[in-house]
Structures are given as C-alpha cells and as structure tokens.
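This structure is a prediction, so every number in the text was calculated from the model and none was measured. In the text below, chain A, chain B and the rest are named by the order of the sequence lines, each starting its count at 1.
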Amino acid sequence: MREQFEVRVNREAITVDDTTTVAAAILRAGVAGFRQSPDGHWRGPLCGMGICAECRATIDGVPGQYTCQRWCRPGMQIVTGAASDGEAPDELEER
Amino acid sequence: MSLPDAIIIGAGIVGAACAERLSADGLRVLVLEADVAGSGATAAGMGHVVVMDDNEAEFALTRYSSDLWRARSAELPQRAEWEPVGTLWVASDAEEFEGARRKLAFYRERGLQAELLDEQSLHEAEPQLRPGLAGGLLIPEDAVTYPPPVAAWLLRQMQERGGELRQSVRVQAIAGDMVVLANGNQLQAPLIVLAAGAASVGLIPALPLQPRKGHLAITDRVPGFVRHQLVELGYLKSAHGSSLESVAFNVQPRATGQLLIGSSRQYGQTSAEINHGILSRMLQQAIGYLPGLAHLSILRTWTGFRAATPDKLPLIGPAPGHEHLWLATGHEGLGITTSLATGQLLADLVAGRPPAIDAAPYAPSRFADSFREEAARAGTV
Amino acid sequence: MPAVPQPVRVLVVGAGPAGMQAALTAVASGAAVTLVDGSPSLGGQIWRGEQSHSRAAAALFERVRGSEVRLLFGCQIVDAPEPGLLLGAAEGKAEWLPYDRLILATGAREIFLPFPGWTLPNVFGVGGIQALAKGGLPLAGKRVVVAGSGPLLWSVAAYLRGRGAEIPLIAEQTDLARLVQFAAALRFLPSKFMEAIGIARTLIGTGLRTGCYPVHAHGADRLTAVTLRTSAREWTVDCDYLACGFGFAPNLELPLLLGCTVRDGFVVVDEWQQTSVPGIFCVGEPTGIGGAEKSLAEGAIAGIAATCDVKDRALKGSTASLFAERLRCRRFADALRRGFALREELRTLPASDTILCRCEDVTIGRLIGHPSWRSAKLHERLGMGHCQGRVCGAAAEFLLGWPMESVRPPLFPVHVDTLASVVPSREHDG
Ligand SMILES: Cc1cc2nc3c(=O)[nH]c(=O)nc-3n(C[C@H](O)[C@H](O)[C@H](O)COP(=O)(O)OP(=O)(O)OC[C@H]3O[C@@H](n4cnc5c(N)ncnc54)[C@H](O)[C@@H]3O)c2cc1C
Ligand SMILES: Cc1cc2nc3c(=O)[nH]c(=O)nc-3n(C[C@H](O)[C@H](O)[C@H](O)COP(=O)(O)OP(=O)(O)OC[C@H]3O[C@@H](n4cnc5c(N)ncnc54)[C@H](O)[C@@H]3O)c2cc1C
Ligand code: FES
C-alpha cells in the first residue's frame, strides 16, 4: 500500500497518496465549484486531461494551476474559489 | 440600395468612422469589407487612445481625436471597454527623465493636463515597476479601448441612417468611379473612400505605404497588477525611428483584468506568423520593467500590420490623379486614436466645410510625385 | 552513404499508446529518443496514471521504463520557433527540444456539446470522470448517469461500476440500428470484440438507452439531476455526477503549428505515417479516431520510418503485418465514425442563455448575427479564454458549422518568461 499523507484544501486536512491528483483531493473535500467564471458562475473540472482549464485553483500560493494535471505532495496547500484566472483569493475567511 | 453616394473600402475603425460621419451628412454609404467588421489592424492593435507630441501635426490630430473620443465616451457600448486609465510614460534614467520634462512643457504649453512623477511617486503609482527607475510623466486624460466593437458601433449608426455594410466582400480593383469585386461584380459611386489599412497599397500601388508588423501578447486576468498604460520613453525612438526592427516596453491594463503586452515594429515583413526571436525580445523588455510579469501566463499572441507613410502621418483627402478616389489610411500606430478625427476631417473636406484643425499636413497631395510616377507608368493621365 | 556521426535524434510528443510504441520502436533502431508529454505520467488518456491496469499496458510501461528512452513528463509543447526545435514548458521553465525527426502522437480530446446546465460543477466528461477516478476521486455509492456517444460510454460505465458507483443508466445518442451495424464491424478487431463481451457482462442490469440524450442538467451550485430525452419521452433522473461526452476530436494544434496538412479534420500522412512536412510523422488519433490498437500499429510504423532509410524499412520483418493491422484498425475507425455520427436534435439543445464558451461566459444568444467564428471571437470574446477554443471550438463547428481559425504559439498558456526564453545557439544542440 502507498504511503498516506495530508494535504490541505481550504484549510481542511485531506488524506491522500502520491497517486491522487489535486483535483481529486479537492473533490474529496466536498468542494464541487473550484472557481468562478468571469460572470461569477461556479465551475468545476470537466475534461480531467488539461484541456478545459475549469479545474484551476491555487496550489502553494501559485494561482491558476490545472489541478487535474498535478499530483498531491505532502503538505500541499490548496485553495479554491478564485474569482478570476490569475488572482489568488483573499486570505481565507474562516468558513 | 439604389446607387450609393459613397463606397468605403474597408470596415476597420477608420473606414467605420468615415462611414459614420459621411452618413451623418446625409450621404448614402456602402461599406465593403473583405473579412468582418473591425478586423485588420483594428482587431490587432492595442487600443491606446493617446495624445502624441512628436510634431505639431501629430499632436493636433491626436489631440483633436482624443477630444472627440471623450465627448462620445458615454455613448460607447459596454463591449468597447472604454477605460480612462491615463498614460504613464516611464523614464528609466536621467536622460529620459529630461525627455519627460520636455514633454511636460510641451503638453502644458498647449493646455493639456500632465504631471511629472519622481522616483517615489512613480513607485506609488505603479508598485510593480522595478525599483531604480528615474520617474515618469502621467497624462491622465489618455484612455484605452477595445476597438472592434467601436467599429461595429460606428457602422450601426451608419446603417440606422440607411447605409449598408457588406462583409466577406473583397474589392479587387478601383477604376474611376467603379470598384470591381473579387467575384467580378462592379459597383459605382461618385465618391470612393479607400480605408483598407495596410492592404490599401494592394489596390493603389502608388500609395507611399509600408506594412510595419507588430507583435502583441495577452495574459491571464490579474486585476490591479498595473493601473495605467505604461510606456517607456524610449518608445518614441522605436515608433519614430526607421530601423528595421525594434521593440519597446508598452503594457496596457484591460477592462477584463488582463494585461496586453507590446510592442514591436518590423519593416519588410509580410507574413503574419509569430517570430519567436522578436517576441522573446519584446517580452524580455517588458519583464525588465515589470519583474512580476515573468510568472504571469500568456494566453495568446498575435501580430498586426500598421500602414506606415514615410513621415508617419496619415493620408486623409483626395488621391492625386484619381478623380473619384479619396484616401483614409496610413495611420501607422495611431489609427485607433485618430480614427474619429479622420472621419470628421474627411467628411468636412468632402462637404467643403472648414475643418476644426488644419488638414493640410495629412493631404495625400504631399506625396503627389509618387502618384504622378504611377500615372506615368500606367500610361494614364 | 556518409557516416552519421551521431545517432539520429527522434522526439516523440505524446506518451499515449501511439507515442510509447513509436518511442520503443525508434530506440530499438539505435536512435536517441525523447518522449515528452504534458501530463504528469505515461499512458495518455486510455492508460493514464502510474498504476494502470490492462496487461498489455503494463508490459508496454515496463518496456518503456526499462529502455533508453528519455522521459519528460509535465512538459507541454508550446511553440515551434524554427525547424528542428520545439519549446516546451515544464513546471514554469523553458525546455528546448531539438530533433532530427519528430513523431506527433498528441491524441484526442472529448467533444462536449452545450445544453442547459452543462456548465454546472459535477458535470464531467466521460473520459473526464474516468481520469478523475484514476486520480483518486472516490465513487463508492455515487449515482452516475453516463451519457453522450461512443464505446467509451460502456467501458467507462463498467469501470465506474467496478469502483462501486451506481449507474442508473447509459444514454447513447445513436439509434439502435446504427449500433447493431457498428457491432458487426467489431469483427475487424477480435480484441475489441472480446473487450465488448467483457464490458457487456459487467453492464448487465444497467439500462442502456439508445437514441437517448441529456437535455437539461439541474442544480443550483452543483448538479442534482439530469433530464433525458428519447423520441418517446422525457424524464428526470437524480444523480451525483453526470458523465457526458460526444466522441473525440483530435489534438491538431501542434501539427497545424508545424504546417502539416490537415484534411477533413485529420492530419494527412503517407503509408509511413509521414506528414506533408518531411521528417515529421503523425500517429494515433490525429490521423483518425480509432482507438489504442490503431495507435500501436501506427506508432510502430512511424518508429521504423523515422529511423530507417526507405530501402531498409522493408527489411524490418514486421512491416507487412503492421500494415495489415493498421488497415483493420482503419476499417474499425470508419465503422466508429458511421456508427456514432451525431444526431441533428443535438443542435437544438442549447437555449439562447446557454453558455457555449465557458472560459468567457459567451452564450449562444450572443452569437446571433455573427457570420463566422472570427466575427464572434472579435466582438463577443468567443474562444478567447484559457482553453483557447479547445472546448467551444468543436461545439461551434457542430452547432454552427464554423471552422476554427489558425493556431498560434503558445499552444497552452505559458509563463511570460518561458515564452521569452531565447532560442539556444546551435552548438549546444547535440
Ligand atoms: C501591434 C499594433 C498595435 C497598435 N496599437 C495602437 C494603439 O495602441 N493605439 C492606436 O491608436 N493605434 C494602434 N495601432 C494602429 C491601429 O491599429 C491602426 O492604425 C488602425 O487599426 C487602422 O485602422 P484602419 O481601419 O485604417 O485599417 P484596418 O483596421 O487594417 O482595416 C482595414 C480593413 O480593410 C479590409 N480590407 C483590406 N483589403 C480589402 C479589400 N481589398 N476589399 C475590402 N476590404 C478590404 C480589411 O479586412 C480590414 O478590415 C496599432 C497597430 C498594431 C499593428
Ligand atoms: C479522455 C479520454 C479517455 C479515453 N478512454 C478510453 C478508454 O477507456 N478506452 C479506450 O479504448 N479508449 C479510450 N480513449 C481513446 C484513447 O485515447 C485512444 O484510443 C488511444 O489512447 C489513442 O492513443 P494516442 O496515443 O493516439 O492518444 P492519447 O492516449 O490521447 O495520448 C496523447 C498524449 O499526448 C499528450 N499531448 C498532446 N498534445 C501535447 C503537446 N502539445 N505537448 C505535450 N504533450 C501533448 C497528451 O497529454 C496525451 O497524453 C480515451 C480518449 C480520451 C481523450
Ligand atoms: S479538468 Fe479540464 S483542465 Fe483540468
């Protein structure tokens, strides 16, 4: 069995291994809307293969990452909910 | 429509502006466009509406046109993305800062708002600029826009006055008061206005026009990254020089929150392909001024062609040696800015009204020699 | 023949079955082979991920890993600035990739068609949900409606079931009559036939509806139900996820950027898989949507052709059987295309406020009056966003008959400093 470790999705700890994509980790945290479109609609992953750009989120402070194309690594900090492509969301409110 | 009073070739922003003004004077206008409305350089350009001071004629036209833009800005459709962000001319060293001072004096003498920024206030105005720059000159009234919807808006007004726009119709030749279409059909009008941008020279080879290629790149949405149109003072060397190839730092914040990165200038190029060498130089120049740009994403790149005359001033008025033909082209890198003034000047000259500014510096007759040579070659009079 | 001082450098783009096979074959001829892929691992779409399953796949993975092939993952090709040189972007860094021969194995992407609600979170592609599941999305106890078109629906439904999902139904838009014709064509590929039987066994008890398609996805901030339609009725099914895809479109951006001729939507190749550009080969889905077997055969052929002179190629013992295999696969590809041609009604699904371009929120209604893709792009921002028309392009072509415009670098969004990197001088090439 693969070694398990934790990543944080909007501050919630999620247990994953190194075959888990960041997109899957976010979905496991119960988050369906990863980001907002220009007109403010919630969107989540569509293609799972790096084409549609709908799965973008902030990973370790870098906004706009394609989460379906990234493996989880121990201690990763993942933040969803950006209102536009490149913009990191404001420091997380306590939700 | 029954016979039009005027045929305009090209529905870029200049053709559209001429169409709007001529139709306002009661002419029935027919606009012929090879592609779609607002294409050509109008779909490629940066959309910086800017007052320039290289010479009096350029200043007069850009200033007059900026005033017209501002006067109509409230009517512009939302998609025109009109944003009065102002221009911030950036001086990298003491010599360029001197240039900024001269510019300040020039603008102030002519009653234009302008403000000199020292190193500290430059940093406050644009924190993303690298430290150590000498200062800058802020022109608060300059603006940015997204030109294709402006062209569409101007054409709609022409259509509401009974004019007509035909898209996907290429003009093959101009002969007297006739235009010959690519499909062989002919159309007639007492007034023909050639506003086909850099492609105009394909129809009238005598035009003293050279295509001047430019590259642009656009980033992700990063609202607030920069606040003004940022241009290096060295830009003037690039724009007004005649070297074969040059790049300058020129970054524009778009209403979408994206950044538009320019600009390059190349003579002697006809292919629209991206040239990696010049694109990379242009991007490096931009990173040199805005280090934080390095890790923003580029979504796409493209090129466009400016129509450059030898003196960098446009051709507005009757074409020497052609009885029915008028010109509205040759706007180089300022045709978005000067489109509205071009339409107004052309309509004034057609109607025989005295224009608000002296139109002589833009008269095609200043290049009468090259038209005569063509006429001699063609054996016509 | 003059002695070649250095082994020929073969660059393979795309690490799916086609690319893996091409790389293995080329390296066996003594070439210096680099295999590059934008995704983080080997396998392409079908065999995605580290712990992939089928035995054939596992063997190919082993062989590639044990070979001299240089592997480069997480590296997107973004530009082709001059002949013999590609620019890749790997973790935000520029990666210059010189080559003597180039094999394009860029695969395909799913076709998504708009209908009201298709942009809701938890509406995935069919390949999309499979990729997410392989990446660790738990499915136990989830209700997943699988809809769209093509054999992928069945294999993914079977896969999801194997992971504990409940599949209330599979909605295949094509009609039963066509499906039967397609089944007959499976004889071209015995392996497909066996696969189909296996899948059929797993799917017993799952409703397969033909002539059936989704018309509305419901939910506020995420999917809760989907309305389906057949010629007879319309009804709504509650579900957690909708997996919906309407077949595949090839990834043509890189071939187009390199100037390869494309006809009827696919890259034109000669019998050795060489494109219209000498020294550039193309294999797998970009030459015709036909599945993994076709990709493997074409990959092997290109691997030979890229490394052997014309007269030596015939000496390779396996070429005759490869050509025969490829022919069988192409017949299968034709049957696939005919069997799952998209029905007219799908054009009528979007309402005027349905979004077509997801990146820029451009609705169908805003396209009215525009004569072309370019017009809608310039005036409404259609296709101007992050995916660069990869999703809305195929939909606009199907709905409106608008072909997409030309491609330009960067092929994928890329950091400014990566695109700004300077072409290395030729001395450092080798
Ligand atoms: C990279 C770049 C950046 C620029 N930045 C700025 C800026 O910031 N500010 C600014 O003011 N200006 C800028 N410009 C300049 C500006 O874009 C042009 O001066 C302006 O768009 C010219 O408009 P036009 O209508 O004359 O020509 P175009 O926009 O080129 O329009 C000509 C039209 O004619 C059509 N046509 C051509 N041939 C035929 C034919 N035979 N029959 C029928 N139709 C035909 C074309 O399809 C086209 O639609 C820039 C230009 C470039 C290239
Ligand atoms: C989402 C999806 C799911 C599928 N699932 C199945 C299935 O379960 N069963 C089945 O029989 N068939 C499936 N298929 C069909 C299957 O992909 C093909 O039949 C087979 O994999 C074709 O192999 P290929 O090598 O041609 O393409 P692919 O397997 O698609 O491989 C192409 C690879 O190239 C990479 N690439 C593309 N462009 C670039 C670039 N510019 N730079 C760097 N890398 C690039 C891609 O990331 C990808 O990894 C699926 C297809 C898709 C698109
Ligand atoms: S889900 Fe489409 S790019 Fe990640």
Side-chain angles (χ1 to χ4, degrees), chain A residues 1-2 4-5 7 9 14-57 59-60 62-73 80-82 84-86, chain C residues 38-41 44-45 48-51 73-74 76 91-92 107-110 112 118-138 219-223 240-241 244-245 249 251 355 357-363 381 385-388 390-392 412-413:
Chain A
M1 183 160 157
R2 297 222 167 221
Q4 310 268 303
F5 54 84
V7 296
V9 177
I14 302 291
T15 303
V16 296
D17 65 35
D18 64 1
T19 68
T20 312
T21 60
V22 175
I26 296 172
L27 289 164
R28 278 198 205 178
V31 174
F34 283 39
R35 52 179 289 275
Q36 283 176 286
S37 69
D39 290 351
H41 308 294
W42 284 103
R43 295 287 168 71
L46 174 68
C47 71
M49 58 180 288
I51 292 286
C52 71
E54 292 282 36
C55 64
R56 279 171 286 154
I59 303 177
D60 291 335
V62 185
Q65 304 289 301
Y66 287 34
T67 58
C68 73
Q69 298 289 295
R70 295 281 302 273
W71 302 121
C72 288
R73 294 286 174 253
T80 63
S84 62
D85 306 341
Chain C
S39 76
S41 61
Q45 295 315 321
R48 171 176 295 275
E50 298 289 325
Q51 55 325 14
F73 295 119
Q76 298 274 21
E91 298 189 355
R109 54 179 175 257
E110 276 188 277
F112 302 108
W118 77 295
T119 54
L120 279 172
N122 290 348
V123 175
F124 303 126
V126 177
I129 196 170
Q130 187 183 38
L132 289 166
K134 287 181 179 176
L137 171 67
D221 61 348
R222 65 179 69 191
L223 178 81
D240 299 301
Y241 299 135
C244 185
N251 291 320
I355 283 166
C357 168
R358 302 168 62 115
C359 296
E360 297 294 328
D361 283 335
V362 181
T363 58
R381 298 188 62 81
H386 247 263
C387 89
Q388 304 183 1
R390 282 178 168 85
V391 174
C392 58
F412 290 92

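- The one candidate from A:Gln69, A:Met49, A:Arg70 that meets the side-chain contact (heavy atoms from CB on, under 4.5 Å) condition with C:Ser39 is A:Gln69.
- For the pair C:Val123 and A:Leu46, the tightest heavy-atom approach, listed with the atom from each and the gap, is O-CD1, 3.7 Å.
- For C:Cys359 against A:Cys52, the heavy-atom pair with the smallest separation is SG-O, 4.3 Å.
- Note: C:Pro121 leads C:Pro121, C:Gly74, C:Gly136, C:Gly92 in heavy-atom pairs under 4.5 Å with chain A.
- Using a 4.5 Å cut-off between heavy atoms, A:Tyr66 touches chain C through its side chain atoms alone.
- Between C:Pro40 and A:Trp71, the shortest heavy-atom contact is CB-NE1, 3.3 Å.
- When each of A:Ala32, A:Ala53, A:Ala23 is checked for heavy-atom pairs under 4.5 Å with chain C, A:Ala32 comes out on top.
- Heavy atoms of C:Arg222 lying under 4.5 Å from chain A belong exclusively to its side chain.
- Residues A:Leu27 and C:Phe124 have side chains in contact (heavy-atom distance under 4.5 Å, counting atoms from C-beta outward).
- At distances below 3.5 Å, not a single donor-acceptor pair connects side-chain atoms of C:Arg358 with backbone N or O atoms of A:Arg43.
- The shortest distance between side-chain heavy atoms of C:Glu110 and A:Cys47 does not fall below 4.5 Å.
- Interatomic distance, A:Asp39 CG to C:Glu360 CD, rounded to the nearest 0.5 Å: 9.5 Å.
- The contact between C:Ile355 and chain A is made entirely by side chain atoms (from C-beta outward), counting heavy-atom distances below 4.5 Å.
- With chain C as the partner, the residue from A:Ala24, A:Gly44, A:Ala25 showing the most heavy-atom pairs under 4.5 Å is A:Ala24.
- The closest side-chain heavy-atom distance from C:Asp361 to A:His41 is below 4.5 Å.
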